Colleague: 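Sending over a structure as structure tokens; questions will come in a sec.
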Number of protein chains: 2
Amino acid sequence: MVQLDDLDRAILRLLKEDARLTISEIAERLNRPESTVHFRIKKLQERGIIDRYTIVLGEALRPKAVALVYIQVETPIIEDFLEKYINHIMKTLSILPNVLAVARSTKDSLVALVGEENEEKLNKFIDETIRVLPTLKRVEVIPLTELVKGGDVIGFLVRV
Amino acid sequence: MVQLDDLDRAILRLLKEDARLTISEIAERLNRPESTVHFRIKKLQERGIIDRYTIVLGEALRPKAVALVYIQVETPIIEDFLEKYINHIMKTLSILPNVLAVARSTKDSLVALVGEENEEKLNKFIDETIRVLPTLKRVEVIPLTELVKGGDVIGFLVRV
DNA sequence: TATGAAAGACATCATGT
DNA sequence: ACATGATGTCTTTCATA
């Protein structure tokens, strides 16, 4: 369904590294004419393969302590309530600036990626904002001490 | 330590949404001269606050089924071995294209974000590549069914 | 640090091979 | 897919406040 040839992939890889490369620079590196590179990029954008261009923020603005928080809620008698309650928690967490990402997991659980300046503040946040939520069955905190792959994902997620 | 004024933040927010906005467009939206906006962006880059420019890949290239895999290894007698073994696992996983991110957690655990076309392939991958690793104490799979905040993080992480 | 103006570089598009 | 050229826009630099 998604047809990409070597040139498309090469262009995407270069833009992923540095989206500010000029068409002429890309053309030179790949030994292709500028007009071709321009045409390909235009198509990649139109096809939605390039979704958007963005910046990654540097260390200075990234939280130093991050953790995944797995939240499982108590299963009520009425299942419809569970759905609404989980959605409510997710929306509530999403608003907070130190909640970098929120994802639904199973029927009765969700995960949040949280960040703070340091460990103490992070734990304080988890204790005072998450653990206090009513009718939780389980809260599992998975600290992330070192990012090996996807190392700058925090710089991508953090807001200013 | 990081001094950002309102103008800096406004510029960063705009670039985060769309890093291809021209200086003149940004200048117009913020009612500032182009040269000022140019100067600020230059400084933000020099200070490393803007780390880099990149693209987010669209739905077509994103894995449809993603999950966090929490991996805890058996603690051996010799602690030095634990360290080396965990590093080895992390490096091994990092090479794989459907492993989107890898992070160290505690002394004896790590987390991987894995993605595949569909659920079956994802489970197959986890079973055949992760669960088979020797001396694991616990493997916890947390499927991510819906990303509420940070929704395009997969498009940021995925490689071509 | 901020600004205005000027010069050069660039993307974009049309046309044709 | 590639080449070329024309056009308007953008970035970058610099002098000045």
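Being a predicted model, the structure only gives us computed values, none of them experimental. Computed over heavy atoms, backbone and side chain alike; hydrogens, waters and symmetry mates excluded.
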Colleague: If you compare every side-chain N and O of A:Thr36 against the phosphate oxygens of D:dA1 (OP1, OP2), does one of them come in below 4.0 Å?
Modeller: no
Colleague: How many whole angstroms separate atom CG of B:Leu21 from atom P of D:dT9?
Modeller: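 Answer to the nearest Å: 17 Å.
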Colleague: Which nucleotide, D:dT11, D:dA3, C:dC10, lies nearest any side-chain atom of A:Thr22?
Modeller: C:dC10
Colleague: B:Ile41 CD1 to C:dT1 C1': how many Å, rounded?
Modeller: 16 Å
Colleague: Could you check whether any side-chain heavy atom of A:Asp51 comes within less than 4.5 Å of a side-chain heavy atom of B:Arg62, counting everything from C-beta outward?
Modeller: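 Contact flag for A:Asp51/B:Arg62 side chains = yes.
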Colleague: Return the value, rounded to whole Å, for the distance between atom CG of B:Asp5 and atom C1' of C:dT1.
Modeller: 11 Å
Colleague: Verify side-chain contact (heavy atoms from CB on, under 4.5 Å) between A:Val111 and A:Ile71, making sure each step is shown before the conclusion.
Modeller: CA-CA 6 Å; A:Val111 187; A:Ile71 303 165; over 6 Å; no
Colleague: Looking at B:Asp5 and B:Arg9, does any basic side-chain N land under 4.0 Å from a carboxylate oxygen?
Modeller: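 No, B:Asp5 and B:Arg9 are not salt-bridged.
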Colleague: Could you tell me how far apart B:Ile11 (CD1) and D:dT11 (P) are, to the nearest whole angstrom?
Modeller: 12 Å
Colleague: Return the value, rounded to whole Å, for the distance between atom CG of B:Asp6 and atom C1' of C:dA2.
Modeller: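 After rounding, the gap between these two atoms is 17 Å.
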Colleague: What contact category does A:Arg32 fall into here, base, sugar-phosphate, or nothing, at under 4.0 angstrom with non-hydrogen atoms?
Modeller: sugar-phosphate
Colleague: Between N or O atoms, less than 3.5 Å apart, protein on one side and nucleotides 12-17 of chain D on the other: list the pairs.
Modeller:
{"from": "D:dT12", "atom 1": "OP2", "to": "B:His38", "atom 2": "NE2", "distance (Å)": "3.3"}

Colleague: Any side-chain heavy-atom pair from A:Ser24 and A:Val37 closer than 4.5 angstrom?
Modeller: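 The answer is no; the side chains never approach within 4.5 Å.
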Colleague: For a 4.5 angstrom cut-off between non-hydrogen side-chain atoms, does B:Leu113 reach B:Val99?
Modeller: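 The answer is no, as the side chains (C-beta and beyond) never meet within the 4.5 Å cut-off.
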Colleague: Where the side chain of A:Thr129 meets the backbone of A:Ile126, is there a donor-acceptor pair that is under 3.5 Å apart?
Modeller: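 Checked: no pair found.
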Colleague: In whole angstroms, how far is the P atom of D:dT11 from the CG atom of B:Leu44?
Modeller: 15 Å
Colleague: Can you tell me how far P of C:dT12 sits from CZ of A:Phe39, to the nearest Å?
Modeller: 14 Å
Colleague: Is the phosphate of C:dT1, meaning OP1 or OP2, less than 4.0 Å from a side-chain N or O of B:Arg40?
Modeller: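 B:Arg40 to C:dT1 OP1/OP2: no side-chain N or O under 4.0 Å.
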Colleague: Quick one: is the NZ or CZ of B:Lys16 closer than 6.0 Å to the six-membered ring centre of A:Tyr53, and within 45° of its axis?
Modeller: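 Not satisfied by the 6.0 Å and 45° rule.
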Colleague: Could you check how far CD of A:Gln3 sits from P of D:dA1, rounded to whole Å?
Modeller: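 One finds 13 Å between P of D:dA1 and CD of A:Gln3, rounded.
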